[in-house]
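One structure is given here, and the rest of the page talks about it.
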Protein chains: 2
Amino acid sequence: MKLSTVRTCCEPVLVAPIDQAEAEELATAFKLLSHPIRLRILSLIANAPGGEMCACDLPEVMGRSQPTVSHHLSLLTDAGLLAREQRGRWAWFRVERERVTVLRDALNLT
Amino acid sequence: MKLSTVRTCCEPVLVAPIDQAEAEELATAFKLLSHPIRLRILSLIANAPGGEMCACDLPEVMGRSQPTVSHHLSLLTDAGLLAREQRGRWAWFRVERERVTVLRDALNLT
DNA sequence: TCCTTATATCGATGATCGTCGATCTATTTG
DNA sequence: CAAATAGATCGACGATCATCGATATAAGGA
């Protein structure tokens, strides 16, 4: 899904009417923000030292099992909201801020 | 849910880390934006003449049944994203822009 | 008061989602 | 190569969600 080509800061949802296809793509993206674990993961990584975090720390911090955390990390990564980098046997993640900006700008009112 | 007291433009999700309670409230709000019909309803009403729209027109425009549209209007209204006003036997809706702004600001990166 | 119309609510059904134990894969280390 | 460890994938289960027909409610008009 190339979200940035669908909706930019110049044509936000609440200023220009959207059609069915655009609504479906945006809804899919906002769905990623509709779960507390995913919001906390984004918030945690964005505020981590160096803006990145190792997946190995997340199950304990989140209080969820490793498969559950891995599942949510995959969803965020597949959607382009997180970038994944393998270092040795550890996976490091950082927030793709441009993608978050696209979603924020979709809610512009002016 | 008093969302505006929980998260303002001064402490966005990606600048300050959020705890479990805040994440749950925000996730509940973003869930409303995670369905194409609800995004189209918001977009349609925000761009309607006078910024308001009668519910009577929505089932045909959306291609959904009257109960389905009523259900989504209730979700948006209960969450404060839409304001409902009864005029005679018709229900008119307008977008509560301040509430949308709260969600947008939660995604601020700077 | 009776009829019509707009909207909400109920109830049921199928679909999607979140979770985790078990297992598989890949990488490092001894 | 074998053991250990990080992470992904699988499979199943319960929970939540979207939808719509049927029906209830509420308001206006005859």
## Note on the structure
When rounded to whole Å, the CH2 to C1' distance for the pair A:W92 and C:dT27 reads 16 Å

### Query
Between B:R38 and B:K31, is there a donor-acceptor pair closer than 3.5 Å when you use the side chain of the first and the backbone of the second?
yes

### Summary
The nucleotide from D:dA18, D:dG7, C:dT19 with an atom nearest the side chain of A:T68 is C:dT19

### Summary
Against the side chain of B:K31, the closest entry in D:dT19, D:dT9, D:dC17 is D:dC17

Pairs under 3.5 angstrom, nitrogen or oxygen only, protein versus nucleotides 22-30 of chain D, please.
residue: D:dG28; atom: O4'; partner: B:R89; partner atom: NH2; Å: 3.1

### Query
Among C:dG18, C:dA6, D:dA18, which is the nearest nucleotide to the side chain of B:H71?
D:dA18

### Query
Do B:V95 and B:L76 have side chains that get closer than 4.5 Å, going by heavy atoms?
no

### Query
NA contact type, A:L73, heavy-atom cut-off 4.0 Å: base, sugar-phosphate, or nothing?
nothing

### Summary
Whole-Å distance, B:F93 CZ to C:dA8 P, equals 5 Å

### Message
Check the phosphate of C:dT16 against A:H35, side-chain N and O only, distance under 4.0 Å to OP1 or OP2. Yes or no?
### Response
no

### Message
Can you measure B:L32 atom CG to D:dT16 atom P for me and round it to whole angstrom units?
### Response
16 Å

#### Entry: For atom CE of B:M53 and atom C1' of C:dT7, their distance in whole Å
16 Å

### Query
Any side-chain heavy atom of A:E22 within less than 4.5 Å of one from A:Q20?
no

### Message
With a 4.5 Å cut-off on side-chain heavy atoms, are B:R84 and B:L73 touching?
### Response
no

#### Entry: Shortest side-chain distance from B:R38, nucleotide among D:dT19, D:dA8, D:dA18
D:dA18

### Task
Examine C:dT19: is either OP1 or OP2 under 4.0 Å from a nitrogen or oxygen in the side chain of A:R64? Give yes or no.
yes

### Query
Taking only N and O in the side chain of A:S70, is any of them less than 4.0 Å away from OP1 or OP2 of D:dA8?
yes

### Message
From CD1 of A:I41 over to P of D:dG7, roughly how many Å is that when rounded to an integer?
### Response
12 Å

### Query
Do B:R64 and B:P59 have side-chain heavy atoms sitting under 4.5 Å apart?
no

#### Entry: Whole-Å distance separating the CG atom of A:L75 from the C1' atom of C:dC17
10 Å

### Query
Around atom CD of B:E85, are there more than 12 heavy atoms of other residues, nucleotides or ligands at under 6.0 Å?
yes

### Query
CG of B:L58 versus P of D:dT19: gap in Å, rounded?
14 Å

### Message
Just the rounded figure in Å: distance from P of C:dT7 to CZ of B:R84.
### Response
8 Å

### Task
Can you label the angle between the B:H35 ring and the B:H72 ring as parallel, tilted or perpendicular, going by 30° and 60°?
tilted

